[in-house]
Structure formats: structure tokens, C-alpha cells
J.: 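Can you keep this structure in mind? I'll have questions shortly.
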Amino acid sequence: MSRSARRKKSGKKKYVIIGLLVLLVGLTTGYGVYASNYSDRFLPNTKINNTDISEMTVAEANDALKKATKESSFSITDDGNEWKNLPLSQLGLKTDFSQDLTKLMEKQSQWSWGMAYVFPGDHAEINGLSIDQKELDQAAEQIKNELTKLNEGRTKTQDATLTKGENGFTITPEVNGNSVDAQAVSEDLKKAVNEDKTSMELLDYTQKPKVHANDESLQQEMNKLNKVAQVEGYYKINGETFQIPVASIADWLDYKDGQVTLDRDKVKAYVASLGDKYNTSTNPTVFKSSKRGDVTIPAGTLSWTIQVDTETDELMKAILAGESFTRTPVTKGSASAGNPLVGSTYIEVDMESQHMWYYKDGAVVLETDIVTGRPPKFATPAGVFYVWNKETKATLKGENEDGSKYETPVDYWMPIDWTGVGIHDSSWQAAYGGDRYLTHGSHGCINTPPEVMKQLFDMIEEGTPVLVF
């Protein structure tokens, strides 16, 4: 081959190589330019949740997936019938796939766009659902309010209870209502939505009685209460025995924390009422006199007063013991509350008759005319008194009407009150009885003939009642 021929052939090959290089550069440049298009777009044949998002930006793909996602709802039924059907968007459901799409975008290689046309692209499932808890809380609260209103027209479920009556306790049976536990529905609704559940049944939240009439524990409570409520309690006061009303005891009863208790204020009020009625320290005594029939004598040194607080505590103990009882109240004073204030042995001083009797076991064993205090300043006080001391050869001291002092010796002295009034002999008196006391009356004491006073002094025991009227 000639040199010129070889030169021509070599030049043609060179142009081919140059052309191929130019073509390769062009293709590479074009591929690169087109690849840059996928720096913010998804590669061809990319499907997410069966939705083709090829050539889409993250925002466009997010919108496409939102449209493709069906709006779901949450159903609340009442005994199988639909009560509420709420779109999940109203329960705080949010649809946003952008975060997961961004991650997928960061993973893809824009240079593989060409291969994506040949080979299957990405097919993935992503969950773009989230719950706005604040919105869900508000929706659950609204459902709770609606159920509360719904319950107003329904029967409220009630436990069997103990009912107090006049004669004790009985069991009121339970009530099987159809009201709904609105709070529980509200709480479980939030849990269900967060756990991707789509329904709930109100019948499952119908409140059921927790305590039934045939519960053994309730029966035991009733028996325990009635043992106390029906206890027979009696008081013996001033020789009179009477029953505490059963209805009152039942009213005082209470049941707390499995224990039978009594309302102390009510018990105390009852005890105080006994004092108001029976206290001999504040109430007069009706006495059948020797000459004037029944007379009313004011309170004196022979008396007692119910100690309300102490007696309240003792009475409560007796009742809670659950056994029948008879008691005399706790008192303070010179006499006992259990027996009559004045029995069959006593001294009677009738100031109107100016006469005195001594009764022993119901029979008169001594009587005499007397001289009592000169009115008005020295009038002998009326009252139910008692001989609290006996003394011989005593000296009585006091003050005369003009203010001068006196000291008078006596052979027999029996004081009956706390002011210096007593019974004693009086040798200075020339006579007794009648109206002598108006002019020659004592300083308040009961002047007695000396010979009679000696007999009386020997007969009387300390503690003997003295009724002056």
C-alpha cells in the first residue's frame, strides 16, 4: 500500500475516534444534566403505598399519598346500634408522609435514573399517620360530656345498701341501671385511637352493681348493726325505770369503715335532756306532805347532777356492747340518782304550820312544834336538804339584824345546808308553833324544844333528808 493510501486510512480512523469521544462526552453530559433533575425528585418507577410518585418532589409525593389515603373513622356503638361515627381527623389524626419521604429521597442515587427505567424501582410502605394528643384529649372530653348528658335520661346503677329505719336496718336491693361510665369511655377512647382501633361498644361500659343484696358481707353488716340498733336499754332514775327509745338508738347509729359507731353529739344531746328533766340540783321535788298534800319543794343540798360527758361515753359503751342493759347515770352530788331523792325516812319541816315530823320507814316516830327564821331577813330557806353532820356542845355564830355579832351555845346541832342553817335546841324560846316565828323567829335555823331535840338527835343518822317548805 502506498504511503498516501495509508495516510488517508489513518486520518479516517482518527475522525471516527474523535466522533465517538464527542458522542460519549455528549451522552455523559446529557445523562448528568438529566440526573441533576433527580436531586430533588424521585426516580422513575418509584411507588410508595402502591402510589406512583415518580418524578415527584417530596412535597408533591406527600400530597399524592395524602390523597390516596382513605379517610377512616371511629365508630361508637350502643348495644350494637351506631351512636357516634367520628372521622379520625376529628380525633387528632394527622396524615403527613414528608419525614419518611425525605429519608427515602436522601437514600436514592440520582445517577441511577437510567437503571430505574430498565429495572423495577423502589416499592415501599410507609406510615405517615400520627395523633395530636391535645386534640384527642379535647375530643375525648367532649364525648365524656355527651355521655354524662345521655346518662341523665338513664337509670343510674346503684349498689345494694343498708337503710336505717325506726326499728333498725334493712337491705335496699341493688339497681341494675343502664347508665354508662363516661370517664372510662373517655379514657379508653384515647387508648383505642392510639392503638389504631376503630370501634368501641358502650354496652361494655354499662355500670354494674358492685354490692348485691345477697352478699354475705352485707348481711353480716346488717346483723351487726341490728344487734346494736335493737338493743334494749333502760335507765333507772329517781326510782323510775324507763326504756331508751329504740328509734333513738337507731338514729344515733352510723357505720363507717366496717365499724358500728354512734353519733356522739346525738347521744350527748339525749343525756343532756335527761339532766334537764331529772337533775335534782335544778328541778324541784314534788312531796306529799303531812298536812297540805302534794307540795313542790325547790332544790337544796340533797341533790345530784348528771355528768353529761362521762355519762355519754358510758352510755355509748353500753349500747355498742349489743346486750340489753339497765343503768343509772353517772352523777355528781350528795345523793344517788338511782333511788328516789326522798325515801320513807326523812324529816319534814312545814313552815306554814310551824311543825316538824320525823318519819322512820314511813311511820311518824317524833313530831313537834318549832320556830323557824324571822322574815324577811332571816326567813328559813325552803329546799330539799339533809343532815350532813351531827355535833354536840356547839357554838353558833352569826350576825344580828343590827349588824352586831352573836355567839350562841347549843347542846345539839345538825346543819342541813351550806349557809349555816340547821336544826338545834333552843332553851331561850318560851313557846313554839303558831306565828311566834314572826316576832321571835330564829336567824334562819329550826329552833326545837330541848327535850325533843335530844330525842331527835339520838334517832337521826347523818344523811337523813330534811324537807323544808
Side-chain angles (χ1 to χ4, degrees), residues 280 285 287-292 295 297-303 334-336 339-375 378-398 406-438 440-469:
T280 57
T285 296
F287 170 71
K288 187 174 184 179
S289 66
S290 299
K291 277 191 168 185
R292 290 192 275 148
V295 294
I297 305 175
T301 55
L302 183 65
S303 64
S334 56
S336 169
N339 299 316
L341 188 63
V342 180
S344 59
T345 298
Y346 54 88
I347 295 173
E348 177 185 349
V349 178
D350 186 337
M351 292 187 289
E352 183 180 292
S353 301
Q354 287 292 291
H355 201 80
M356 179 170 66
W357 295 263
Y358 172 51
Y359 282 83
K360 175 74 171 178
D361 296 328
V364 177
V365 294
L366 183 150
E367 62 175 300
T368 181
D369 284 339
I370 55 171
V371 175
T372 58
R374 186 174 74 253
F378 297 117
T380 300
V384 180
F385 305 112
Y386 73 104
V387 176
W388 57 268
N389 188 29
K390 291 175 65 180
E391 188 177 344
T392 59
K393 301 301 180 180
T395 298
L396 308 181
K397 300 178 181 180
Y406 72 83
E407 292 187 7
T408 304
V410 296
D411 290 331
Y412 304 100
W413 168 240
M414 297 190 302
I416 62 172
D417 78 350
W418 314 129
T419 66
V421 174
I423 305 171
H424 60 80
D425 55 293
S426 51
S427 57
W428 57 88
Q429 290 285 5
Y432 295 87
D435 58 3
R436 183 175 174 79
Y437 75 102
L438 296 175
H440 294 80
S442 69
H443 290 86
C445 288
I446 300 162
N447 287 183
T448 306
E451 66 280 5
V452 178
M453 186 61 204
K454 181 180 185 306
Q455 296 177 52
L456 183 64
F457 188 87
D458 291 339
M459 294 177 180
I460 293 296
E461 295 180 358
E462 289 186 14
T464 299
V466 180
L467 296 102
V468 183
F469 57 92

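Numbers here simply count residues along the sequence, with the first being 1.
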J.: Sorted by first residue and then second, give each salt bridge (Lys or Arg N to Asp or Glu O under 4.0 Å) pair with at least one member in residues 409-430; sequence neighbours left out.
T.: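 Output for this query lists Lys393-Asp411.
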J.: Gln429 side chain to His440 main-chain N or O, any donor-acceptor pair under 3.5 Å?
T.: yes
J.: Does the side chain of His424 come within less than 4.5 Å of Met414's, by heavy atoms?
T.: no
J.: Check whether any side-chain N or O of Thr301 sits under 3.5 Å from a backbone N or O of Ile416 as a donor-acceptor pair, and report yes or no.
T.: yes
J.: So, using side-chain contact (heavy atoms from CB on, under 4.5 Å) as the criterion, who are the partners of Ser353 when residues are at least two apart?
T.: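 Ser353 satisfies side-chain contact (heavy atoms from CB on, under 4.5 Å) with Lys291, Asp350, His355 once adjacent residues are dropped.
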J.: Ignoring hydrogens and geometry, is there a side-chain-to-backbone donor-acceptor pair from Thr380 to Gly373 under 3.5 Å?
T.: yes
J.: Does the side chain of Pro415 reach to within under 4.5 Å of the side chain of Phe385, using non-hydrogen atoms?
T.: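 A side-chain contact under 4.5 Å is absent here.
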J.: Tyr432 vs Val371, test: side chain to side chain contact (heavy atoms under 4.5 Å, CB included). Steps then yes/no.
T.: CA-CA 6 Å; Tyr432 295 87; Val371 175; 3.7 Å; yes
J.: Any side-chain heavy-atom pair from Asn447 and Ile370 closer than 4.5 angstrom?
T.: no
J.: Can you list the steps and then say if Tyr346 with Tyr358 is a ring pair (Phe, Tyr, Trp, His ring centres under 6.0 Å)?
T.: CA-CA 6 Å; Tyr346 54 88; Tyr358 172 51; 8.4 Å; no
J.: Is the side chain of Ser426 donor-acceptor paired with the backbone N or O of Trp428 at a distance under 3.5 Å, no angle test?
T.: no
J.: Just verifying a value: how many Å separate Glu462 CD and Lys390 NZ, rounded to the nearest 0.5 Å?
T.: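 Here the rounded value is 7.0 Å.
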J.: Should Arg374 and Tyr437 count as side-chain neighbours, where that means a heavy-atom distance under 4.5 Å?
T.: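 In short, these two side chains do not touch, never coming nearer than 4.5 Å.
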J.: Establish, from distance only, whether the side-chain atoms of Thr372 and Gln354 form a donor-acceptor pair under 3.5 Å.
T.: yes
J.: Judged by modelled atom types alone, do Glu348 and Ser290 share a side-chain donor-acceptor pair under 3.5 Å?
T.: yes
J.: Applying ring-ring contact (aromatic ring centres under 6.0 Å, His included), can you list everything that pairs with Phe457, at least two apart in sequence or on another chain?
T.: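 Only Tyr412 meet the ring-ring contact (aromatic ring centres under 6.0 Å, His included) criterion with Phe457.
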J.: Taking Thr395 for its side chain and Thr408 for its backbone only, find out whether a donor-acceptor pair lies under 3.5 Å.
T.: no
J.: Dump the intermediate steps for side chain to side chain contact (heavy atoms under 4.5 Å, CB included) on Val384 and Val342, then the final yes or no.
T.: CA-CA 9 Å; Val384 180; Val342 180; 4.1 Å; yes
J.: Looking at Arg436 and Gly441, would you say the former's side chain and the latter's main chain have a donor-acceptor pair under 3.5 Å?
T.: no
